[in-house]
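Report on the structure given below.
Within every chain, numbering begins at 1; the chains are lettered A, B, ... in the order of the sequence lines, protein sequences first and strands thereafter. Since we're looking at a predicted model, the values are computed, not measured.
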2 protein chains.
Amino acid sequence: MSTNKNCIVRISRYKNALNRLKALGFVKVFSSNLADATGTSSAQVRKDFSLFGITGNKRGGYNVDDLIEQMNQIFGKHLVHKVIIVGLGNIGKALLRYKGFEKESIKIAAAFDIDSSKFNDNSIVPVYPLEKLSEFIKENEIKLGVIAVPDVAAQQVFEIMKKSGIKGVLNFAPISLNNDSGVVVNNINLEMELENLIYYVIAAEKS
Amino acid sequence: MSTNKNCIVRISRYKNALNRLKALGFVKVFSSNLADATGTSSAQVRKDFSLFGITGNKRGGYNVDDLIEQMNQIFGKHLVHKVIIVGLGNIGKALLRYKGFEKESIKIAAAFDIDSSKFNDNSIVPVYPLEKLSEFIKENEIKLGVIAVPDVAAQQVFEIMKKSGIKGVLNFAPISLNNDSGVVVNNINLEMELENLIYYVIAAEKS
DNA sequence: ACTTTATAGTGATTTTTTTCACATTAATAA
DNA sequence: TTATTAATGTGAAAAAAATCACTATAAAGT
């Protein structure tokens with residue numbers, strides 16, 4: 001199966017578009033519909049599908065429910081994925097309160113911070129001190145972690161996560177984590193995103 | 001000049017790494033240092049630099065300050081970029097309070113919401129009703145907008161932004177904005193980011 | 001001053017990704 | 001029933017991106 005990063009991102013977009021099309025009552029779609037909805041070409045859509053062995057009907061397009069089901073399979077949506085959040089600053093809190101994870105079968109199992117005023121065993125998502133991080137990951141077999149701590153603490157938190165058995169990390173700290181292990185790391189850097197945007201806006205002005 | 005998306009992202013990462021190296025007292029760096037710090041190859045670093053006409057010294061590497069300066073030029077850091085945020089839910093608030101934009105010459109000029117309890121003319125970043133959005137963009141010649149409203153409102157907000165003259169949008173709403181115009185749109189979808197991570201974690205388990 | 005060495009810079013090559021274009025086929029129409 | 005049409009699926013071609021491998025050269029060493 002494909003290892004093309006862009007292809008995975010596109011599949012994710014297709015799924016997102018499909019869910020909205022389904023809500024609108026669509027029963028079948030054509031590759032061109034998905035292309036329009038996600039800003040790509042119909043050939044690209046079909047090629048992506050073919051990489052994942054997703055097929056439709058000649059002249060009949062694709063069945064929306066079938067597509068969604070196959071994509072849910074790709075992204076492991078038949079299982080619940082437990083996630084922990086480390087760092088309850090603004091971003092951590094935003095994630096904690098974020099609706100919409102549930103329908104993606106993502107469950108926030110716990111959050112961690114160093115600030116004792118934030119601890120709370122009894123909230124829907126319990127908040128524990130950082131010292132309990134390793135123990136919690138191991139006991140609950142957590143595979144996914146979000147790092148939302150300041151940059152100086154990020155590498156240290158990452159090391160604890162790695163040692164405790166985390167397999168995937170979403171990193172909001174504005175540094176590239178030093179990662180030799182097999183842990184998958186996706187970085188989201190808000191400054192960089194805006195910077196990137198500015199680059200393209202400037203480039204567009206020049207042309 | 002290059003139109004390679006990945007290359008721009010890498011340049012951004014190099015800059016981030018350079019700032020940290022500078023803080024550690026580094027005066028010069030080699031392509032291999034930057035490669036290590038950002039998880040790429042030294043040949044890639046040099047190739048990226050050559051696309052932007054960035055040069056160093058044979059056997060002497062690159063001067064850190066020079067590199068940072070050239071990259072700041074690329075990303076328009078000599079100008080202040082005014083940004084508005086629409087939607088003061090969790091993500092909007094997180095952005096509003098986000099430190100670190102200043103040093104990137106990004107200034108949040110105002111925020112907008114429909115909830116009147118959030119309005120505040122006198123805070124450091126004023127919060128206005130959505131009705132004032134168009135007027136504010138035009139009067140202050142805002143070029144960059146952040147959409148942090150629920151999905152159902154996102155397209156509508158985007159249309160207002162487009163009509164008022166916005167050139168670049170960072171979209172946190174979980175939909176692909178319908179964009180035929182020349183406006184640059186970068187999407188950040190938290191669910192999709194986690195989903196993506198899960199894909200790679202599952203893929204790693206299988207192999 | 002000369003030699004050695006380590007690193008930048010880059011054309012050539014390889015790999016990856018996207019696009020093209022057409023054969024195939026299922027639905028519709030005649 | 002047969003012809004027509006409109007979409008899929010995919011091998012081939014093109015384009016884009018990454019890697020390789022070598023030249024040039026500036027710094028360090030002798």
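Along DNA chain C, the nucleotide nearest A/R10 and the nucleotide nearest A/N57 are compared for position; the residue whose nucleotide lies closer to the 5' end is A/R10.
The stretch residues 26-47 of chain A touches DNA chain C through A/S41, A/Q44, A/R46, A/K47, each having a heavy atom within less than 4.0 Å of the strand.
Salt bridge annotation for A/E159-A/K162: present, with a cationic side-chain nitrogen under 4.0 angstrom from a carboxylate oxygen. Using a cutoff of 4.0 Å between basic side-chain nitrogens and carboxylate oxygens, A/E195 and B/K15 are scored as salt-bridged.
Between C/dG9 and B/Y62, a contact under 4.0 Å exists linking OP1 or OP2 to a side-chain N or O.
No hydrogens or angles considered: nothing links the side chains of B/S31 and B/N33 as a donor-acceptor pair under 3.5 Å. Checking A/R10 against A/N6 by side-chain atom types alone, no donor-acceptor pair falls below 3.5 Å. Side-chain contact check for B/N90 and A/Y98: no donor-acceptor pair (N or O, by modelled atom type) lies under 3.5 Å.
Separating the CG atom of A/N4 from the C1' atom of D/dA17 is a distance of 12 Å, rounded to the nearest angstrom. B/L51 has its CG atom 12 Å from the C1' atom of C/dG9, to the nearest Å. One atom, NZ of A/K5, and another, C1' of C/dT15, lie 18 Å apart when rounded to the nearest Å. One atom, CD1 of B/I8, and another, C1' of D/dA17, lie 13 Å apart when rounded to the nearest Å. When the P atom of D/dT8 is taken as reference, atom CG of A/D48 falls 13 Å away, rounded to whole Å. For the pair A/F52 CZ and D/dG9 P, the interatomic distance rounds to 15 Å; values are reported in whole Å.
Judged by distance alone with a 3.5 Å cut-off, a donor-acceptor contact links the side chain of A/R59 to the base of C/dA27.
Enclosure of atom CD in A/E205 by more than 12 non-hydrogen atoms of other residues, nucleotides or ligands within 6.0 angstrom is indicated.
Closest contact between the side chain of B/K58 and the listed nucleotides D/dA24, C/dT18, D/dT8 involves D/dA24.
A centroid separation of less than 6.0 Å is found between the aromatic rings of A/F136 and A/Y128.
Heavy atoms of B/F49 sit nowhere under 4.0 angstrom from any nucleic acid atom. Among the heavy atoms of the strands, none lies under 4.0 Å from A/G60.
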